[in-house]
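Within every chain, numbering begins at 1; the chains are lettered A, B, ... in the order of the sequence lines, protein sequences first and strands thereafter. Note that the structure is a prediction, hence the values are computed from the model and not measured.
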Protein chains: 2
Amino acid sequence: MEIRRQDIHNSDIPLVCRACEARHGGVCGVLTAEQLTELNKHSSRHRLDSGAEVIGQGETVVNYSNIMRGVVKLTKVMADGRQQIVGLQFAPDFLGRPFLAESAISAEAATESEICNFPRNVLDRLVKRTPELEHRLHQQALKELDEARDWMLTLGRKSAQEKVASFLYLIATHIDPESVDMSSFDLPLSRADIADFLGLTIETVSRQFTKLRKENVIRIENNRHVTVPDMDRLMRHAGND
Amino acid sequence: MEIRRQDIHNSDIPLVCRACEARHGGVCGVLTAEQLTELNKHSSRHRLDSGAEVIGQGETVVNYSNIMRGVVKLTKVMADGRQQIVGLQFAPDFLGRPFLAESAISAEAATESEICNFPRNVLDRLVKRTPELEHRLHQQALKELDEARDWMLTLGRKSAQEKVASFLYLIATHIDPESVDMSSFDLPLSRADIADFLGLTIETVSRQFTKLRKENVIRIENNRHVTVPDMDRLMRHAGND
DNA sequence: CCTTTCACTTGATCAAAATCAAATGGCGGC
DNA sequence: GCCGCCATTTGATTTTGATCAAGTGAAAGG
């Protein structure tokens, strides 16, 4: 679990990496100064508008990314257009499916975001030579698997009200991991996205928001800003007692 | 993707491992004869009755396992008893969550099964020294993640009929990976388990079976044995076109 | 052989969420 | 300020699957 990192002189690592959020929590944290320099040669940073696609379902993966800022949604679409969000990724998560050429999901910025791209083959080569890096990716895969399974319980067994409360709790606890106060935050998703995440319609999501608001579990301003006066009460509404 | 394995003289590896199914497809396949011998010193094989618990939600993980025969279901339970199966594992899958002391799910034999147990700390130590082993576990975690996300789409967006058809398709394609003919198989789960896997009630599952039977998509004998005359037709009913 | 049990099926009714259909309410552009 | 555009909310109705309640049928045990 504990990852050793050599003490790196800031001057040894690429300029752009020095200020990078993703370098510490993210995969780059396990790389040496040399490796970071090498990877950085091939990497490029991009600003993404909300809604911008990083990769599409069925496309060939040419890049992996680190999320430096913002929230990225992972979605699956059926042939007839029905859609399900199967994961949300927050900075400084790694974005990509190692060891597979074709993406089974599409990834799209949910909010205005910033990512750092690097070529698939460069990282794949680096992974082969760096067990620490594979370990780090393995850890993230397991974390995502745990989250996916939690969400399966939500999708399969919870009521609409519990689903919406579960979503709010998820966002409260993930949107700003630094912050001590999780009781006030902006929703990174539209009502339509929330519906796609919860397996509901936007009307049902809206009604449940209204209901939670009327029961004073949450307060809402400007449709996107949520305040939770009592996090335990929200948790109980989410069915997590 | 390609995993090199040294040419091992059968006589160098433990007797019980020689005939083991899990050794080739499973994690043991990447171990050297010495490592296998070492691991085998601490491992033990067990027969599990259908319904026997391997580990319970919230328990401390002391063992990992390989599934040698049978089907194991991974479930999550809510405080009020609502239950969701979050994964099915087939031989020769690895069973366990590396790097976490407490299990977030429970694992239970769905059919009469056989597993090979080994202590958590022995494998954890082996993983640290053997990048190939971590790579193999990483691969399986990614496979399970892909499967979990596929199932999230099923849980969130498919109708009861599509869910049941999706389940049948999943079993047809996983129950016996050797077999060319996937059109006839025994269901490893009861109607109650299927309901818990699909986020439905047993009554709804039963009605959808009846409906698929009446539409000649499947035939059923003795409640558990299913024949699929046209796999593509089943796939269409599952919403996977 | 008959009873009991258990898994499953079938039927009738109910409730939750989907669907269809209008409001409402910011917000940017003119 | 007014208009038109979206996202969101609210309302009426329908549909799907859940719930409640009996059956059925096969296997185990007396």
Side-chain angles (χ1 to χ4, degrees), chain A residues 49-51 73 78 80-84 110-112 154-168 186-215 217-226 237-239, chain B residues 49-51 73 78 80-84 110-112 154-168 186-215 218-226 237 239:
Chain A
D49 284 326
S50 168
K73 57 185 189 190
M78 290 174 65
D80 63 5
R82 278 176 286 174
Q83 200 164 348
Q84 176 69 43
T111 63
E112 200 262 312
T154 299
L155 289 173
R157 287 303 183 200
K158 290 188 184 174
S159 69
Q161 164 122 205
E162 289 171 324
K163 284 181 176 184
V164 170
S166 297
F167 169 74
L168 290 169
D186 278 321
L187 293 175
L189 302 188
S190 68
R191 297 293 185 275
D193 281 341
I194 297 170
D196 281 343
F197 194 30
L198 295 170
L200 299 171
T201 60
I202 65 170
E203 293 94 333
T204 299
V205 170
S206 178
R207 280 185 243 276
Q208 296 306 329
F209 268 105
T210 303
K211 211 155 155 227
L212 288 171
R213 192 163 41 71
K214 286 189 175 154
E215 291 169 7
V217 179
I218 55 172
R219 262 180 300 131
I220 307 178
E221 289 150 292
N222 303 325
N223 286 337
R224 286 291 186 113
H225 192 79
V226 175
H237 280 262
Chain B
D49 284 327
S50 169
K73 57 184 188 190
M78 289 172 66
D80 63 5
R82 278 176 286 175
Q83 200 165 348
Q84 175 69 42
T111 64
E112 202 262 311
T154 299
L155 289 173
R157 288 302 184 201
K158 289 188 184 175
S159 69
Q161 164 124 204
E162 289 171 325
K163 284 181 176 184
V164 171
S166 297
F167 169 74
L168 291 169
D186 279 321
L187 294 176
L189 302 188
S190 67
R191 297 291 187 274
D193 281 340
I194 297 170
D196 281 343
F197 194 31
L198 295 170
L200 299 171
T201 59
I202 67 171
E203 293 95 331
T204 299
V205 169
S206 178
R207 280 185 244 275
Q208 297 306 329
F209 268 105
T210 303
K211 211 155 155 227
L212 288 170
R213 190 164 41 71
K214 287 190 174 155
E215 291 169 7
I218 54 172
R219 260 180 301 133
I220 307 180
E221 288 151 291
N222 302 325
N223 287 338
R224 285 288 187 113
H225 191 78
V226 175
H237 280 260

Q. Does A:F197 offer a backbone N or O that forms a donor-acceptor pair with the side chain of A:Q84 under 3.5 Å?
A. yes

Q. Roughly how many Å is it from CD in B:E162 to P in D:dT16, rounded to a whole number?
A. 12 Å

Q. Is there a donor-acceptor contact under 3.5 Å from the side chain of B:S50 to the main chain of B:A110?
A. yes

(Q) Can you tell me if B:T210 touches the phosphate of C:dT9, counting only side-chain N or O atoms and a distance under 4.0 Å to OP1 or OP2? (A) no

**Q.** Between C1' of C:dT9 and CZ of B:F209, the distance in whole Å
**A.** 12 Å

Q) Is the shortest side-chain N to carboxylate O distance from B:R82 to B:D196 below 4.0 Å? A) no

Q) For C:dC8, does OP1 or OP2 lie under 4.0 Å from any side-chain N or O of B:R224? A) yes

Q) Given atom CD1 of A:I202 and atom C1' of C:dA22, what is their separation to the nearest angstrom? A) 13 Å

Q | Options D:dA18, C:dG11, C:dA17, nucleotide nearest the side-chain atoms of A:S159 | A | C:dA17

Q) How many Å lie between CZ on B:R191 and C1' on D:dT24, as a whole number? A) 14 Å

Q.
Does a side-chain N or O of B:T204 approach OP1 or OP2 of D:dG17 to a distance below 4.0 Å, or not?
A. no

Q: Indicate yes or no for a side-chain donor-acceptor contact from A:Q208 to the backbone of A:V205 under 3.5 Å, with no hydrogens or angles considered.
A: no

Q) Of all the nucleotides listed (C:dA17, D:dA21, C:dC8), which has the minimum atom distance to the side chain of B:E203? A) D:dA21

**Q.** Which nucleotide in D:dG11, C:dA18, C:dC8 has an atom nearest any side-chain atom of A:R207
**A.** D:dG11

Q: Round to the nearest Å and state the distance from A:R213 atom CZ to D:dT8 atom C1'.
A: 11 Å

Q) Which whole-number value in Å describes the distance from A:L198 CG to C:dA18 C1'? A) 15 Å

(Q) Looking at D:dA7, I'd like to know if its phosphate oxygens (OP1 or OP2) sit under 4.0 Å from a side-chain N or O belonging to A:S190. (A) no

(Q) Checking contacts here: which listed nucleotide (C:dC8, D:dG17, C:dA17) is nearest the side-chain heavy atoms of B:A160? (A) D:dG17

**Q.** Distance test, side-chain N/O of B:T201 to OP1/OP2 of D:dA18, below 4.0 Å
**A.** yes

Q | Nearest-Å distance for atom pair CD/P, residues B:Q161 and D:dG17 | A | 9 Å

Q) Atom NE2 of B:H225 and atom P of C:dC8: how far apart are they, to the nearest Å? A) 16 Å

Q) Are more than 12 heavy atoms from other residues, nucleotides or ligands located less than 6.0 Å from atom CG of B:N222? A) no

Q. What's the closest nucleotide to the A:Q208 side chain, out of D:dT10, C:dA17, C:dC8?
A. C:dA17

